[in-house]
Asks: 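I'd like to ask some things about the structure below.
Side chains included, hydrogens not; waters and symmetry mates left out as well; all remaining heavy atoms used. Everything numeric here is computed off the predicted structure, so don't read it as measured data. We name chains A, B, ... by the order of the sequence lines, and we start the count at 1 in each one.
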Amino acid sequence: MLSILDGLNDNQKEAVTHIKGPLLIIAGPGTGKTLTIIRRILYLIHTGIKLHEIVGLTFTNRAGQEMRERIDPYLEKNGEGLFLGTFHMFGLNILRKYYNRDFRLIERKEQIEILRSLTDGTLKKAQEQLNYISKIKNLYETSSMKDSIFLKYEEILKNKNALDIDDLIIKAMELIRTCDKVRTDISRLRHILIDEYQDINPLQYEFIRSLYSLTENICAVGDLDQAIYTFRGADIEHFLNFEKDFKGAKTLFLKDNYRSSKVIVHASQFLIKHNKKRVEHPLEPISLECSNKIRVITVNNEYEEAKIVVKEIENRMGATTHYSLAQNDFRGLWDSNYRFSDFAVLFRTNNQADIIRDAFIDSGIPYQLIKDVFYEEINEIEDRLKTYINEPDREKTLSHILDYAFGVTAKEELLGIKRNLFLAYRNFPVEIALKKILDELYLFKSADAFNINVNAVSLMTIHMSKGLEFKVVFITGFEEGLIPYSLARGEKDIEEERRLFYVGMTRAKDELFLLCSEKRHIHGTEKETKKSRFFYEIPEKFLESTYISKKDKQKKKPKQQSLF
DNA sequence: AAATTAGCCCTTTTT
DNA sequence: GGGCTAATTT
């Protein structure tokens with residue numbers, strides 16, 4: 001009991017021990033959100049709640065996995081019975097148990113094929129219609145579910161005994177609502193925890209409500225200031241309405257930031273306060289040290305921008321060139337207080353990555369470019385798996401397939417799934433066991449995207465950086481057109497862009513660099529740029545601006561002459 | 001059927 | 001500028 005609350009601050013303790021009725025925990029960046037959730041689960045268990053009476057829902061496998069890893073050591077039998085994972089995995093579990101054991105999960109590629117057959121055959125139209133159907137499902141627009149294209153698509157899926165990824169939630173919810181057996185099973189649940197509540201979409205909301213009607217206990221954790229996915233259907237109104245939605249709800253704030261320096265916390269707070277649509281809540285740095293100012297560096301072009309990033313990293317690592325060749329030379333690495341993995345370079349759009357990556361290749365600094373490589377990877381896996389089909393021993397073949405498919409992702413929590421798949425498909429023809437195994441692999445699409453154990457500088461979009469932290473963060477392209485992005489027009493869009501930039505800023509623990517290039521190639525043509533409007537929303541006292549430009553000297557000369 | 005050319009549009013992205 | 005696709009040529 002004492003140890004469960006050990007090391008927690010007062011806000012966190014309250015969040016852990018308030019276990020009756022609905023609770024909203026507003027957890028700003030770096031406030032110990034995951035720790036609090038974990039301790040809360042341990043506390044629930046301590047009060048006599050059983051593992052199988054708790055369900056924790058996350059948006060990404062990464063988040064679910066992180067919690068799993070951190071909580072399992074404290075639990076008997078490796079936490080068996082406690083569900084911690086994505087909405088989709090939770091839905092899948094219900095469906096496999098009660099719906100139809102051998103339905104197939106179809107992936108985007110096949111969805112497109114189906115819609116091609118239903119429309120004029122062009123990819124463009126098919127994509128358009130797929131987005132439309134997915135939107136209907138995720139916004140849970142029941143009235144549009146009578147549209148002819150929707151019905152035709154559903155009919156084909158039904159004939160194929162297939163579900164799409166959105167159906168994992170929809171069909172599971174329908175079962176919960178209509179099937180007594182499932183209701184009985186679900187009603188064993190007593191506590192629902194939902195992470196990242198600000199990014200919930202209407203479908204997920206409906207799903208939660210269905211669960212809540214049976215459990216009466218809900219704990220939502222999130223931070224409106226970090227809502228960056230409204231563009232794909234997340235609705236921040238759910239967060240704003242939590243107290244109205246769930247009778248008797250209590251709201252708590254975690255207000256101590258353990259992650260970032262004083263300057264970074266204060267500067268980012270000044271920025272985010274420009275948003276009108278938000279819940280005001282305090283956020284204070286624990287750190288009292290007088291820290292470095294945020295460095296705003298203006299350079300001539302995007303190549304210079306990349307060079308500056310590399311140079312600043314080299315300065316901190318102590319060594320000079322070609323680390324990959326210098327494995328026996330420990331001097332630089334040994335002296336440094338930094339590891340390469342302490343640095344992150346963030347950008348708004350993926351096409352900014354190339355120039356930055358090239359600069360890293362030139363310098364020899366190890367880097368990991370974090371993006372959705374899984375699609376390419378899975379095609380490779382597919383090809384490789386097909387070569388196993390001809391082997392005579394079926395069980396052996398299946399085992400090979402699973403080894404290969406899951407070996408690539410190499411995640412501990414996949415081992416159980418691997419075993420289950422083996423048992424389930426042991427008696428199926430190999431080809432069928434194969435479109436199914438791949439199907440389930442798709443659910444783990446981005447599980448490998450970021451590897452925290454690799455000692456390399458991380459390069460990624462700001463979106464991908466959510467939930468991560470680094471000693472030193474470089475945000476590149478700090479210009480109008482990129483931050484905020486040019487397509488963001490209305491107040492609502494700009495506020496989301498501001499939140500995105502806020503997420504980027506608050507990834508930094510010690511040092512934050514904002515890089516601004518005077519010129520940049522946009523769709524091939526060079527354009528003059530302006531500093532981001534967000535620059536002017538951060539008080540000057542937090543900033544240290546530097547101007548590095550090749551034109552520098554030429555510009556200054558005429559100015560001086562004019563003085564005489 | 002393969003090869004070439006002309007036209008198009010350009011975010012962010014999980015499951 | 002370049003990746004993708006549809007249209008056109010060979």
Asks: Which of the following nucleotides, B/dT11, B/dT13, B/dT15, is nearest to the side chain of A/His463?
Replies: B/dT13
Asks: Taking the nucleotide of DNA chain B with the nearest heavy atom to each, does A/His88 or A/Tyr485 sit closer to the 5' end?
Replies: A/Tyr485
Asks: Just call it for A/Phe59: base, sugar-phosphate, or nothing, with non-hydrogen atoms closer than 4.0 Å on any strand.
Replies: sugar-phosphate
Asks: Under 4.0 Å between a side-chain N/O of A/Asn350 and OP1 or OP2 of B/dT12, yes or no?
Replies: yes
Asks: Mind checking side-chain contact (heavy atoms from CB on, under 4.5 Å) for A/Asp245 and listing every partner two or more places apart, or none if nothing turns up?
Replies: A/Tyr205, A/Arg209, A/Asn241
Asks: For A/Glu497, report the nucleic acid contact type (base, sugar-phosphate, nothing); a contact means any heavy atom under 4.0 Å.
Replies: base
Asks: Is B/dT11 in the syn or the anti form, by the rule that syn lies within 90° of 0?
Replies: syn
Asks: Do the side chains of A/Glu495 and A/Arg278 get close enough for a salt bridge, i.e. N-O under 4.0 angstrom?
Replies: no
Asks: Between C/dG3 and B/dT12, how far apart are the two P atoms, rounded to whole Å?
Replies: 15 Å
Asks: Given atom CZ of A/Arg62 and atom P of B/dT14, what is their separation to the nearest angstrom?
Replies: 9 Å
Asks: Return the nearest nucleotide to the side chain of A/Thr60; candidates are B/dT15, B/dT13, B/dT11.
Replies: B/dT15
Asks: With centres under 5.5 Å and planes under 30°, do A/His523 and B/dC10 count as stacked?
Replies: yes
Asks: Ring centroid separation for A/Tyr502 and A/His274, is it under 6.0 angstrom?
Replies: no
Asks: Does B/dT13 have its OP1 or OP2 closer than 4.0 Å to a side-chain nitrogen or oxygen of A/Thr461?
Replies: yes
Asks: Expressed as a whole number of angstroms, how long is the span from A/Ile165:CD1 to B/dT13:P?
Replies: 17 Å
Asks: What is the distance, to the nearest angstrom, from the CD1 atom on A/Ile200 to the P atom on B/dT13?
Replies: 21 Å
Asks: Tell me whether the rings of A/Phe242 and A/Tyr197 are parallel (<30°), tilted (30 to 60°) or perpendicular (>60°).
Replies: perpendicular
Asks: Using a cut-off of strictly less than 4.0 Å, decide whether A/Asn61 has a side-chain nitrogen or oxygen near OP1 or OP2 of B/dT15.
Replies: yes
Asks: Nearest to the side chain of A/Thr349, heavy atoms from C-beta on, is which of B/dT14, B/dT12, C/dA6?
Replies: B/dT12
Asks: May I have the distance from A/Asn201 (atom CG) to B/dT13 (atom P), rounded to whole angstrom?
Replies: 18 Å
Asks: Rounded to the nearest Å, what distance is computed from the CD1 atom of residue A/Ile483 to the P atom of nucleotide B/dT12?
Replies: 13 Å
Asks: Roughly, in whole Å, what's the span from CE in A/Met89 to P in B/dT14?
Replies: 16 Å
Asks: How close or far is atom C1' of B/dC9 from atom CG of A/Asn351, stated in whole angstroms?
Replies: 13 Å
Asks: Identify the two heavy atoms, one from A/His463 and one from A/Ile228, that lie closest to each other, and give their separation to 0.1 Å.
Replies: NE2-O, 3.4 Å
Asks: Any donor-acceptor pair under 3.5 Å joining the side chain of A/Arg348 to the base of B/dT12?
Replies: yes
Asks: Starting from P on B/dT12, measure out to CD1 on A/Ile494 and report it in whole angstrom.
Replies: 17 Å
Asks: Would you call A/Arg520 and A/Glu528 a salt bridge, using N to O less than 4.0 angstrom?
Replies: no
